[in-house]
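Keep in mind it's a predicted model, so treat the numbers as computed, not measured.
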Amino acid sequence: MKEINDIVKAYKKAHLNGLKAALATVVKVEGSSYRQAGARMLVTEDGQLTGAISGGCLEGDALRKALLAIHQKNNKLITYDTSNPDDLEFGVQLGCNGIVHILFEYIDENSPQNPISLLEKTTEKRDESVIITIFSLEKRNKQTGTVGLIKKENTIISDSGCISENELNRFSSEVLEKKQNILTQISSNEILLQYVPPKTTLIIAGAGNDVKPLVETASILGWKTVIADGRATHALKKRFPLADEVLLAMPEEIMKTIEVDEATVFVMMTHNYNYDLALLKLIIHQPVQYIGLLGPKIRFNRMMDDLKNSGITVGEKELNKLFGPVGIDIGAETSEEIAISVIAEIKAVLSGKKGSSLRDKPEKMHTDILSI
């Protein structure tokens, strides 16, 4: 989502300056690659790049291909084979052992449903989206490009071409259910249906100095951050310039102010037991995936006992969303190290991962795209 936001902002700035642009999208990967299908990069005619389609190795050539697409006002599909050890430009230098197909789309500012316009619509509401991109590995064929956006409430399709709206809705329903990209083929065309989750919102209970690096780290990822504290001396926006909101509020007031959903996560670090416990009582049964509790295990266990004594059910479902002590065990001591530990744990939970070392993972790093 951060990449999409950055691309939309960069395009708007380029448009204001009268600059043309092209969008490069990784549409298919065979084997290994630094970025996976759905990765994007905006290229403006003055050579500015926003986003990434690789670890930096393909961007130079991609810049030239994007400028050509801008000049010709046409879509192009380019294939990079990094698996060939005899290829001095890509194979030997990259060692990724993969084939990467990248679609370059000229952005027509006069089209109300151009790719950037569709990307922007994924950010307008806090909900899940499916982006539809149609391409062909037969390069002489028409490269249709980014043509649609499907949400639970509405569908925007500019050129479905080879695929019916019923088929699109069926595939998109599967994407939304599995929360995973799908690649399918119809005739000589392939259709990438990319799952785009809503932006993660991090609610931090507490406005102490140790919250600052947590906000800074979350902002790098493009998360929305909301800080809440009952102390007027601490809950000040000037203390947390990178936070989206700073609330002077007690637990009951927090829940009246914020919107809570599956993309909302909580971290409690007020260092005030009663405040944290009161908030935990309000959110324990909310549809959140992660609640982090700062402090030792003995504090966590005391909270669990107090919840049960209050008549609040804490079953397996609730325990699975509770993380106390908060964070991944990386030996963190300073507030900056703790922030990295906490953000890494949240990211792992939201991605359905365990947060273990990739060295010990027997299978591929990236989950294969679902093909149907």
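Taking both residues in full, the closest heavy atoms of Arg126 and Thr201 are given as NH1-OG1, 2.9 Å, listed atom of the first, atom of the second, then distance.
More than 12 heavy atoms of other shown residues, nucleotides or ligands fall within 6.0 angstrom of atom NE2 in His234.
For the pair Arg302 and Tyr273, the distance from NZ or CZ to the six-membered ring centre is under 6.0 Å and the angle to the ring normal is within 45 degrees.
Counting only N and O atoms by type, the side chains of Asn189 and Ser136 include no donor and acceptor under 3.5 Å apart. In summary, the side chains of Ser188 and Asn141 do present a donor paired with an acceptor at a separation below 3.5 Å, with no hydrogens or angles considered. A donor-acceptor contact under 3.5 angstrom links the side chains of Ser54 and Glu59, judged on distance only. Donor-acceptor pairing under 3.5 Å is recorded for the side chains of Glu30 and His101. Using modelled atom types, one finds a donor on one side chain and an acceptor on the other under 3.5 Å when comparing Asp210 with His271. Counting only N and O atoms by type, the side chains of Asp61 and Tyr80 include a donor and acceptor under 3.5 Å apart. Checked by atom type, the side-chain pair Tyr106/Gln72 shows no donor-acceptor distance below 3.5 Å. Using modelled atom types, one finds no donor on one side chain facing an acceptor on the other under 3.5 Å when comparing Thr133 with Gln194. Using modelled atom types and a 3.5 Å distance limit, the side chains of Asp261 and Thr264 yield a donor-acceptor pair.
One distance of note links OG of Ser173 with CD1 of Ile150; it measures 8.0 Å at 0.5 Å rounding. Going from atom CG of Asp306 over to atom NZ of Lys281 covers 7.0 Å, rounded to the nearest 0.5 Å.
Between Leu280 and Met304 the shortest side-chain heavy-atom distance falls below 4.5 Å. Annotation: side chain of Leu19 is not in contact with side chain of His15 (no heavy-atom distance under 4.5 Å).
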- Message: Before you tell me yes or no, could you show the steps for Lys28 and Glu190 under salt bridge (charged side-chain N to carboxylate O under 4.0 Å, His left out), namely the whole-Å CA-CA distance, both residues' side-chain angles and the distance that decides it to 0.1 Å?
- Response: CA-CA 9 Å; Lys28 186 174 183 178; Glu190 299 198 39; 3.1 Å; yes

- What do the steps show when you test Arg231 against Asn272 for side-chain hydrogen bond (donor to acceptor under 3.5 Å, both in side chains), and what is the final call? CA-CA 11 Å; Arg231 298 170 292 182; Asn272 181 321; over 6 Å; no

Let me have the donor-acceptor pairs involving side chains of residues 332-339, under 3.5 Å, with sequence neighbours excluded, atom names and distances please.
| unit_1 | atom_1 | unit_2 | atom_2 | d |
| --- | --- | --- | --- | --- |
| Thr334 | OG1 | Glu337 | N | 3.2 |
| Glu337 | OE1 | Glu333 | N | 2.8 |
| Glu337 | OE1 | Thr334 | N | 3.1 |

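Sorted by first and then second residue, the pairs that involve residues 292-347 and meet ring-ring contact (aromatic ring centres under 6.0 Å, His included), not counting sequence neighbours, are Tyr290-Phe323.
We find that Asp127 and Lys151 are joined by a salt bridge, their nearest charged nitrogen and carboxylate oxygen being less than 4.0 Å apart. With respect to Lys178 and Glu174, a salt bridge is recorded, a charged nitrogen being found less than 4.0 Å from a carboxylate O. We find that Glu245 and Lys237 are not joined by a salt bridge, their nearest charged nitrogen and carboxylate oxygen being 4.0 Å or further apart.
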